[in-house]
Amino acid sequence: MNYFLFSLLVLITVGLNTLAQTLLKLGAGQNPVNLYLLGGLTAYGLSTIFYIMVLGKSNLSVAYPVVIGLTVIASTFSGAIILQEKVFSGQWVGIGLMLSGISAIAFYKG
C-alpha cells in the first residue's frame, strides 16, 4: 500500500474518532438517547472499520500511538474551536511534545 493511501486511512480514522468525541460531548447530559450520541456512536463504528484497515497495513506499535496521539491533538482543537473550551498554555506545550513523539514513532526507520 502506498504512503498516500495509508496516510489517508489514518487521517480518516482520526477524523472519525474526533467527530465521535465531539458529538458525544455535545450529547452528554441530555436524554440518554439523542442524535448527538447516536452520531457519535456511528462515527466510532466507522472509525473502527478504518482503524482495522490501518492495522492491516502497519505494526500495532506504530498504528496505535499515531492514531490515538493524533486523535488527542485533533480533539483538543475541536474542543477549543467547536466547543469553545479554554485550552491552557501547558496543554499546548503537551500538544507540541505529542507531535514530536508521534513524528519519532511514525517516521523512524531503524
Side-chain angles (χ1 to χ4, degrees):
M1 172 178 261
N2 70 34
Y3 179 77
F4 175 77
L5 185 54
F6 176 75
S7 298
L8 184 62
L9 287 174
V10 169
L11 291 177
I12 291 170
T13 302
V14 169
L16 287 168
N17 256 326
T18 302
L19 176 63
Q21 287 290 328
T22 305
L23 290 173
L24 291 177
K25 173 64 177 172
L26 289 169
Q30 297 184 22
N31 292 329
V33 177
N34 62 65
L35 288 179
Y36 290 123
L37 294 180
L38 293 175
L41 293 173
T42 301
Y44 262 135
L46 291 171
S47 75
T48 300
I49 292 168
F50 282 97
Y51 183 57
I52 291 167
M53 294 169 65
V54 168
L55 288 174
K57 305 297 180 192
S58 179
N59 292 337
L60 177 63
S61 62
V62 173
Y64 185 78
V66 169
V67 168
I68 297 304
L70 290 176
T71 299
V72 169
I73 293 167
S75 295
T76 301
F77 278 97
S78 175
I81 295 167
I82 296 171
L83 303 174
Q84 299 296 303
E85 297 175 347
K86 177 72 175 153
V87 180
F88 299 98
S89 58
Q91 290 170 280
W92 291 119
V93 170
I95 294 293
L97 292 170
M98 289 181 73
L99 282 172
S100 64
I102 291 166
S103 297
I105 291 167
F107 299 117
Y108 179 70
K109 303 287 186 207

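We use all heavy atoms of the structure for the numbers below, so side chains are in, but hydrogens, waters and symmetry mates are not.
Hydrophobic cluster membership for L97: V93 (Ile, Leu, Val, Met, Phe, Trp, Tyr linked by side-chain heavy atoms under 4.5 Å, directly or transitively). Annotation for L24: hydrophobic cluster partners, listed by chain and number, are L37, Y44 (ILVMFWY side-chain heavy atoms under 4.5 Å, direct or chained). The hydrophobic cluster containing L38, built from Ile/Leu/Val/Met/Phe/Trp/Tyr side-chain heavy atoms closer than 4.5 Å, also comprises V33. Applying the 4.5 Å side-chain rule to ILVMFWY residues, one finds that I52 remains a lone member of its cluster.
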Atom pairs and distances, donor-acceptor, side-chain atoms in residues 62-78, under 3.5 Å, two or more places apart:
unit_1, atom_1, unit_2, atom_2, d
T71, OG1, V67, O, 2.7
S75, OG, T71, O, 2.8
T76, OG1, V72, O, 2.9
S78, OG, T22, OG1, 2.5

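Nearest approach of K86 to Q91, heavy atoms of both residues: O-OE1, 4.1 Å. For V87 against A80, the heavy-atom pair with the smallest separation is CG2-CB, 3.7 Å. Across every non-hydrogen atom of S47 and N17, the tightest pair is OG-OD1, 3.5 Å.
Note: L9 CG to F50 CZ = 7.0 Å, rounded to the nearest 0.5 Å. Between the CG atom of L8 and the OG1 atom of T13 there is a distance of 9.0 Å, given to the nearest 0.5 Å. Interatomic distance, L19 CG to I12 CD1, rounded to the nearest 0.5 Å: 13.0 Å.
S58 places no side-chain N or O within donor-acceptor distance of the main-chain N or O of V54, the cut-off being under 3.5 Å. Between the N31 side chain and the N34 main chain, no donor and acceptor come within less than 3.5 Å of each other. Within the 3.5 Å criterion, the main-chain N or O of F4 finds a donor-acceptor partner in the side chain of N2.
One hydrophobic cluster, built from ILVMFWY side chains closer than 4.5 Å, holds both I105 and L60. Hydrophobic clustering (side-chain heavy atoms under 4.5 Å, transitive across Ile, Leu, Val, Met, Phe, Trp, Tyr) keeps L41 apart from L35. L11 and I49 sit in two unconnected hydrophobic clusters of ILVMFWY residues. Membership requires side-chain heavy atoms under 4.5 Å apart, directly or through other members.
In terms of the side chain to side chain donor-acceptor pair (under 3.5 Å) criterion, Y51 has no residue partners (sequence neighbours excluded).
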